[in-house]
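Just so you know, residue 1 is the first one in the sequence shown, and it goes up from there. Just follow the structure's listing: the first ligand is 1, and inside any ligand the first atom is 1.
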Amino acid sequence: MFPLDKDKLDKMRQHALAEYPCECCGIIIGFPETKEKDILFRCTNIQNKLHAMDPETHPRDARTAYNIDPRELMKILKEAEAKRMSIKAFYHSHPDHDAYFSEEDRKMAMFDGEPTYPDAAYLVVSVYDGEIKDEAWFAWNTATGSFERHSN
Ligand SMILES: [Zn+2]
């Protein structure tokens with residue numbers, strides 16, 4: 001079961017194309033039982049800023065990494081709480097790379113050895129030469145203790 005409706009998928013793809021050759025990132029909030037009220041937020045990828053400020057701690061720039069502006073993340077979490085919604089998905093793009101869940105992606109999704117949002121899906125959009133090539137979503141699997149790819 002794909003976690004998003006077509007409209008949100010289109011928005012996510014448009015965002016991925018708009019940010020190419022950098023990675024885009026965003027969040028979808030909503031109610032678990034329906035897709036109809038889902039809200040998609042485009043987030044600012046601050047990876048280039050982090051890389052410029054401290055290249056030793058952040059060796060990658062926005063072409064191969066993303067970092068959601070923490071103030072935006074906080075705002076979205078507050079809005080979700082006020083609406084009694086939860087985070088359904090995080091999405092980001094892989095410019096000139098396939099739609100896999102990288103080691104960096106795993107690190108970003110974990111905190112202290114546990115998934116930070118165990119119920120959220122993680123969508124990865126692959127863009128090559130300014131065109132969508134593929135997309136895939138990943139979710140935490142309690143049985144295997146890792147993020148597993150789901151078929152669309
Ligand atoms: Zn990634």
Fit a plane to each ring of Tyr122 and Phe147, take the angle between them on a 0 to 90° scale, and name the class: parallel (under 30°), tilted (30 to 60°) or perpendicular (over 60°).
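Perpendicular: the ring planes of Tyr122 and Phe147 meet at over 60°.
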On the 0 to 90° scale, with breaks at 30° and 60°, tag the His15-Tyr91 ring pair as parallel, tilted or perpendicular.
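Answer is perpendicular, since the angle exceeds 60°.
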According to salt bridge (Lys or Arg N to Asp or Glu O under 4.0 Å), who are the partners of Asp7, at least two apart in sequence or on a separate chain?
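If we apply the salt bridge (Lys or Arg N to Asp or Glu O under 4.0 Å) test to Asp7, skipping adjacent residues, the hits are Lys11.
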All salt bridge (Lys or Arg N to Asp or Glu O under 4.0 Å) counterparts of Arg13, not counting sequence neighbours:
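If we apply the salt bridge (Lys or Arg N to Asp or Glu O under 4.0 Å) test to Arg13, skipping adjacent residues, the hits are Asp10, Glu135.
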Excluding waters, which protein N, O or S atoms are within less than 2.8 Å of the Zn ion (ligand 1)?
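Listed by chain and number, the atoms are His92 NE2, His94 NE2, Asp105 OD1, Asp105 OD2.
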Output every pair passing side-chain hydrogen bond (donor to acceptor under 3.5 Å, both in side chains) with a member in residues 110-119, not counting sequence neighbours, ordered by first then second residue.
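Found none.
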Hydrogens and angles aside, do Tyr128 and Asp134 bring a side-chain donor and acceptor to less than 3.5 Å of each other?
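There is no such pair between these side chains.
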